[in-house]
A.B. asks: 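This is the structure, below, for whatever I ask next.
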Protein chains: 2
Amino acid sequence: MSGDGTADGGGHGSSHGSGHGTGHGRGPGSGLSRPTVSRLPGYLRALAALARAGTVRVSSTDLARHTGVSPAVLRRDLSSLGQLGRRGVGYPVAALQQAISRALGLVEDQPVVLVGAGHLGSALAGYTGFGERGMRVCAVLDADPGLAGQRRGSVVVRPLEELEGSVAESEARLAIMAVPAGVAQSVADRLVAAGIRGLLNFAPVDLVVPRGVTVRAVDLSTELQILAFHQAELRQ
Amino acid sequence: MSGDGTADGGGHGSSHGSGHGTGHGRGPGSGLSRPTVSRLPGYLRALAALARAGTVRVSSTDLARHTGVSPAVLRRDLSSLGQLGRRGVGYPVAALQQAISRALGLVEDQPVVLVGAGHLGSALAGYTGFGERGMRVCAVLDADPGLAGQRRGSVVVRPLEELEGSVAESEARLAIMAVPAGVAQSVADRLVAAGIRGLLNFAPVDLVVPRGVTVRAVDLSTELQILAFHQAELRQ
DNA sequence: TAGATTGTTAATCGATTAACAATC
DNA sequence: TAGATTGTTAATCGATTAACAATC
């Protein structure tokens with residue numbers, strides 16, 4: 001699920017969402033609207049599949065089909081990144097991948113700290129999709145001392161006390177929280193104090209963070225409830 | 001992440017999103033807008049916390065603070081469910097919980113089929129949040145015969161061949177997919193053919209489903225990429 | 001009564017859509 | 001040239017916001 005919620009503008013303290021874009025407005029720096037930003041990763045995913053298949057050029061109609069948006073939305077999104085296509089021809093796949101990656105600020109080997117080594121944390125630590133997109137889980141922390149020393153993915157679980165040290169030495173700016181709801185806020189506070197600027201939160205809690213810190217929330221129950229709504233609606 | 005994407009109206013075949021609301025429009029049945037539906041679960045969560053704390057009445061300003069939306073949005077959302085508050089007084093917590101649950105079509109003990117018993121599937125099977133919200137994982141299936149018979153949460157893993165039978169006997173209409181990208185579409189096809197009408201997809205693939213079936217996508221890489229964008233934007 | 005708070009209206013804002021001129 | 005496809009404009013649509021009358 002995608003949530004969203006940026007503790008940037010208006011003044012409401014906490015962040016909330018499920019990957020969907022709540023609210024309007026543009027980020028301060030770039031000229032990309034929030035909906036556009038939320039769609040770019042999907043384009044990147046479809047482009048990677050095309051590149052693997054050896055496709056070098058793609059039209060907005062084709063790419064739109066692969067990403068579930070309309071061709072008009074796709075062209076508008078891409079044109080906001082610059083003049084990437086050629087009329088009558090289409091878009092070059094490789095150049096498009098590069099342009100989107102640059103627009104998203106994806107840098108090679110971005111370190112990410114993961115807090116929580118339970119089932120969910122373990123799943124996240126072993127998720128290969130991060131590596132393919134330039135992200136690397138550089139540390140896994142857990143409050144349970146019994147887990148310290150165990151492997152998760154390619155890293156070894158460390159005790160929670162080493163949170164600040166892990167953030168400092170890796171210079172990570174992004175963190176993933178797969179911890180129980182009860183400790184989520186305090187973990188978030190520590191992460192932010194240590195220098196983290198983006199949080200992906202799986203705990204069913206609305207985190208309160210200072211301005212300048214972005215929270216995206218993934219709440220599994222919320223997702224299922226929205227799904228249940230659509231399903232119930234169809235029954236009527 | 002909340003994704004969204006309903007294969008209802010417009011015509012673009014696949015669904016895409018991450019819990020965020022892409023697109024506009026209202027569901028066919030109720031008079032609830034998509035953004036409203038996506039916010040209701042958050043209200044329910046905040047209300048549950050208030051109820052646990054013994055609060056019986058809450059104002060839109062207070063509840064808004066707990067959910068990260070503006071009071072105006074909250075009042076508008078709630079008024080679309082009916083006249084639930086009293087001017088000068090506020091909203092009764094218990095009645096609000098009931099009204100939102102009813103609006104979301106939450107019924108007691110809604111069965112959900114889970115496909116995939118890896119780390120992520122195990123985390124989902126053990127997630128207690130579902131039970132608290134009237135959902136129950138009634139079956140866990142996995143293609144790996146070695147996992148059959150093992151416990152996940154309170155149910156026993158069954159071989160993938162029993163997918164159709166599991167859906168039929170449980171009469172489930174919702175399913176969660178925690179399977180590899182390569183098999184996601186074929187699993188989705190089988191689930192839909194068996195009668196599933198709502199899919200929560202964790203595989204990084206845009207599923208193509210018939211109209212009348214809702215897909216919500218949770219793509220962890222997408223979430224992190226959006227987070228990276230916000231973080232990079234702040235650096236400029 | 002006076003203060004508080006909802007429900008709703010009107011205004012603003014932003015995103016999507018459709019259409020098409022520009023251009024390969 | 002003729003066909004195809006982008007980039008962009010104008011129109012439509014829907015959501016948010018602010019303000020306030022109704023009402024407890």
A.B. asks: When the distance from CZ of Arg57(B) to P of dT6(C) is rounded to whole Å, what number comes out?
C.D. replies: 11 Å
A.B. asks: Measure the distance from CG on Leu96(B) to C1' on dT5(C) and round it to the nearest whole Å.
C.D. replies: 14 Å
A.B. asks: So do Val167(A) and Leu191(A) actually touch side chain to side chain, heavy atoms under 4.5 Å?
C.D. replies: yes
A.B. asks: Base, sugar-phosphate alone, or nothing: which one does Ser60(A) contact when heavy atoms must sit under 4.0 Å apart?
C.D. replies: sugar-phosphate
A.B. asks: I'd like to know if Arg75(B) reaches the base of dG7(C) with its side chain such that a donor and an acceptor end up less than 3.5 angstrom apart.
C.D. replies: yes
A.B. asks: Round to the nearest Å and state the distance from Gln83(B) atom CD to dT23(D) atom C1'.
C.D. replies: 10 Å
A.B. asks: Quickly work out the Arg76(B) CZ to dA19(D) P distance and round it to whole Å.
C.D. replies: 15 Å
A.B. asks: Are Asp206(A) and Val215(A) side-chain neighbours, meaning at least one heavy-atom pair lies under 4.5 Å?
C.D. replies: no
A.B. asks: So, does Arg39(B) get its side chain near the phosphate of dA15(D), meaning an N or O under 4.0 Å from OP1 or OP2?
C.D. replies: no
A.B. asks: Count the heavy atoms belonging to other residues, nucleotides or ligands that lie under 6.0 Å from CZ of Arg136(B), then report whether that count exceeds 12.
C.D. replies: yes
A.B. asks: So which atom in Leu78(A) and which in Leu84(A) form the shortest heavy-atom distance, rounded to 0.1 Å?
C.D. replies: O-CD1, 3.7 Å
A.B. asks: Looking at Thr36(A), Leu96(A), Ile100(A), which hits side chain to side chain contact (heavy atoms under 4.5 Å, CB included) with Tyr43(A)?
C.D. replies: Ile100(A)
A.B. asks: Is Arg87(B) side chain donor-acceptor paired with the dT8(C) base, going by distance under 3.5 Å alone?
C.D. replies: no
A.B. asks: Measure CG/Leu74(A) against C1'/dA15(C) and give the value in whole Å, please.
C.D. replies: 15 Å
A.B. asks: How close or far is atom P of dG7(D) from atom CG of Leu84(A), stated in whole angstroms?
C.D. replies: 7 Å
A.B. asks: How many Å lie between CG on Leu63(B) and C1' on dT5(C), as a whole number?
C.D. replies: 14 Å
A.B. asks: For DNA chain C, which ranges pair as stems of 3 or more consecutive Watson-Crick or G-U pairs, with both donor-acceptor distances under 3.5 Å?
C.D. replies: C:3-24 with D:3-24
A.B. asks: Has Asp62(A) got a side-chain atom pairing as donor or acceptor with His66(A)'s backbone, closer than 3.5 angstrom?
C.D. replies: no
A.B. asks: Please round to the nearest 0.5 Å and tell me the distance separating atom OG of Ser70(B) and atom CZ of Arg65(B).
C.D. replies: 13.0 Å
A.B. asks: Quick one: which of dT16(C), dA15(D), dC24(C) gets closest to the side chain of Arg86(A)?
C.D. replies: dC24(C)
A.B. asks: Is Tyr91(B) near enough to dA4(C) that one of its side-chain N or O atoms lies under 4.0 angstrom from OP1 or OP2?
C.D. replies: no
A.B. asks: Between Asp62(A) (CG) and dT6(D) (P), how many Å, whole number?
C.D. replies: 9 Å
A.B. asks: Quick check: on DNA chain C, is the nucleotide nearest Gly88(A) upstream (toward 5') of the one nearest Ala72(A), or the reverse? Name the residue that is more 5'.
C.D. replies: Ala72(A)
